[in-house]
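This is a predicted model, so every value here is computed, not measured. Keep in mind that the numbers below use all heavy atoms, side chains included, and drop hydrogens, waters and symmetry copies.
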Amino acid sequence: MVTRNDDVDWDRWPVTDYLAENYRRLHPADAAVIAHHSAYYRRLGPGSVAASVEFGAGPNLYPLVLASAVSRRVDAVETSRANIAYLRRQVSVRPDGSWLPFHALCRRLNPDVPATLGEALRRVRVVHGDVRALPPGAYGLASMHFVAEGATEDVGEFAAFCRAFVRCAAPGGHLLAAFMEHMPTYGIGARSRWPGCPVGPETVTRVFAPLTRELEVTRIDSDPTLPDYGDSGMVLLTARAAPGR
């Protein structure tokens, strides 16, 4: 049987294990994502986007830091109560020190990133909700990292998540995304299993081409310093939301 998004208890997402495996240090793959996105963000003016969204934010802070360079407000929209609790602590109390190297790289590659991690996160509003219910055209910029292909095993539902992602951006709005390439269903920590939908550049291009303009899709190789989840690297995307999509 195929596992779909609503079959999963996302409130049980293993935040501590996930961070330990992926984000307690800055891995080359994430440095490559940051470099790729920073090149796009540098084309936009500081504060030029009234509101942006991190579509399925999870506990990952670096996309929020990247978006803070151009956004007056960043909505981190997330369904998992475990991830929401983590995000609220990071934004309202104090961010973990492990995120400081991520912030430093973001700022080095784009000086429009606020000078401190705390200042960057002050632009973030944590929103507990289902990304599929976001209002159409609400954001001038939408960003998504490792969400659509990690929410379901069904390629049709993967495409539906991608359409919802594009739909929440205003016509002409900026889109940035990263996907795990050919990601199977995978484990985090000792026991937990989570859905994966194996997609590559061809699938991403096929899904986004009718919905966007100025679409650019590229990839980076698998990072041997990260856990072997069965993926073959990452697929990276930038685009503008097409009118009437």
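Formation of a donor-acceptor pair under 3.5 Å by the Arg219 side chain with backbone atoms of Met234 is not found in this model. The backbone N or O of Val93 sits nowhere less than 3.5 Å from a side-chain atom of Arg89 that would complete a donor-acceptor pair. Between the Glu78 side chain and the Gly58 main chain, a donor and an acceptor come within less than 3.5 Å of each other. Between the side chain of Asp223 and the main chain of Ala29, a donor-acceptor pair closer than 3.5 Å is present. Checked by atom type and distance alone, the side chain of Thr116 pairs as donor or acceptor with a backbone atom of Glu119 at under 3.5 Å. Of the possible donor and acceptor atoms, one in the side chain of Ser48 sits under 3.5 Å from a partner among the backbone N and O of Gly45. Remark: side-chain polar atoms of Thr212 are not paired, donor with acceptor, to backbone N or O of Leu215 under 3.5 angstrom. No donor-acceptor pair under 3.5 Å is formed between the side chain of Arg163 and the backbone N or O of Phe208. Under a 3.5 Å cut-off, the side chain of Arg213 and the backbone N or O of Arg240 do not form any donor-acceptor pair.
Annotation: side-chain hydrogen bond (donor to acceptor under 3.5 Å, both in side chains) contacts of Tyr139 (sequence neighbours excluded): Asp75. In this structure Arg81 satisfies the side-chain contact (heavy atoms from CB on, under 4.5 Å) test together with Asp11, His128, sequence neighbours excluded. Residues passing the ring pair (Phe, Tyr, Trp, His ring centres under 6.0 Å) test with His37 are His145, sequence neighbours excluded.
Closest of all the heavy-atom pairs between Pro101 and Ser98 is CD-O, 3.3 Å. Closest of all the heavy-atom pairs between Pro198 and Gly196 is CD-O, 3.7 Å. Between Pro243 and Pro171, the closest heavy-atom pair is CA-CB, 4.0 Å. Nearest heavy-atom pair across Ala239 and Tyr40 is O-OH, 3.7 Å. The minimum heavy-atom distance linking Pro195 with Thr185 is given by the pair CA-OG1, 3.9 Å. Listed here is the closest heavy atom pair of Trp99 and Pro59: CZ2-O, 3.4 Å.
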Working for side chain to side chain contact (heavy atoms under 4.5 Å, CB included), residues His36 and Thr238: CA-CA 9 Å; His36 174 270; Thr238 59; 3.6 Å; yes
Test side chain to side chain contact (heavy atoms under 4.5 Å, CB included) applied to Thr205 and Glu202, step by step: CA-CA 5 Å; Thr205 300; Glu202 300 82 5; 5.8 Å; no
Go through the steps for Cys162 and Phe179 under the test side chain to side chain contact (heavy atoms under 4.5 Å, CB included), then give the verdict. CA-CA 11 Å; Cys162 294; Phe179 307 86; 4.3 Å; yes
With side chain to side chain contact (heavy atoms under 4.5 Å, CB included) as the test, would you mind laying out the steps for Val199 and Val235 before giving the verdict? CA-CA 9 Å; Val199 299; Val235 179; 5.9 Å; no
Walk me through whether Arg4 and Glu153 qualify under salt bridge (charged side-chain N to carboxylate O under 4.0 Å, His left out). CA-CA 6 Å; Arg4 296 173 59 87; Glu153 296 175 352; over 6 Å; no
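Checking Trp10 against Asn5 by side-chain atom types alone, a donor-acceptor pair falls below 3.5 Å. Side-chain contact annotation: Tyr62 with His103, donor-acceptor N/O pair under 3.5 Å absent.
With rounding to the nearest 0.5 angstrom, the CG atom of Leu175 is 9.0 Å from the CE atom of Met144. Rounding to the nearest 0.5 Å gives a distance of 3.5 Å between CE of Met180 and CG of Asp231. The CD atom of Glu157 sits 6.0 Å away from atom CZ of Arg132, with the distance rounded to the nearest 0.5 Å. Distance check, rounded to the nearest 0.5 Å: CG of Asn60 to CG of Leu64 gives 7.5 Å. Here Leu66 contributes atom CG and Asn110 contributes atom CG; the two are 8.0 Å apart, rounded to the nearest 0.5 Å.
Counting heavy atoms from C-beta on, the side chains of Pro114 and Arg123 come closer than 4.5 Å. Looking at heavy atoms from C-beta onward, Tyr86 lies out of side-chain contact with Thr16 at the 4.5 angstrom threshold. Counting heavy atoms from C-beta on, the side chains of Val49 and Arg72 never come closer than 4.5 Å. A 4.5 Å side-chain heavy-atom check between Thr3 and Thr152 finds every atom pair outside the cut-off. Phe158 places none of its side-chain heavy atoms less than 4.5 Å from the side chain of Val147. Considering only heavy atoms from C-beta on, Asn22 comes within 4.5 Å of Pro227 through its side chain. Between Leu176 and Leu237, the closest side-chain pair of non-hydrogen atoms is not below 4.5 Å. Val113 is not listed as a side-chain neighbour of Tyr41, based on a closest heavy-atom distance of 4.5 Å or more.
Hydrophobic clustering, with ILVMFWY side chains joined whenever heavy atoms are under 4.5 angstrom apart, keeps Val131 apart from Val74. Under a hydrophobic clustering in which Ile, Leu, Val, Met, Phe, Trp and Tyr are joined whenever their side-chain heavy atoms come within less than 4.5 Å, directly or via other members, Val15 and Leu87 fall into the same cluster. The hydrophobic cluster containing Val70 does not contain Phe55, counting ILVMFWY residues as joined when their side-chain heavy atoms lie under 4.5 angstrom apart, directly or transitively.
Legend: salt bridge (charged side-chain N to carboxylate O under 4.0 Å, His left out) pairs involving residues 19-34, not counting sequence neighbours, sorted by first then second residue: Arg24-Asp96. Applying the ring-ring contact (aromatic ring centres under 6.0 Å, His included) test to every pair with at least one member in residues 219-245, sequence neighbours left out, gives these pairs: Tyr186-Tyr229.
Under the 4.5 angstrom side-chain criterion for Ile, Leu, Val, Met, Phe, Trp and Tyr, Val2 has no cluster partners at all.
Looking at Phe146, Tyr23, Trp194 one by one, the single match for ring-ring contact (aromatic ring centres under 6.0 Å, His included) with Tyr18 turns out to be Tyr23.
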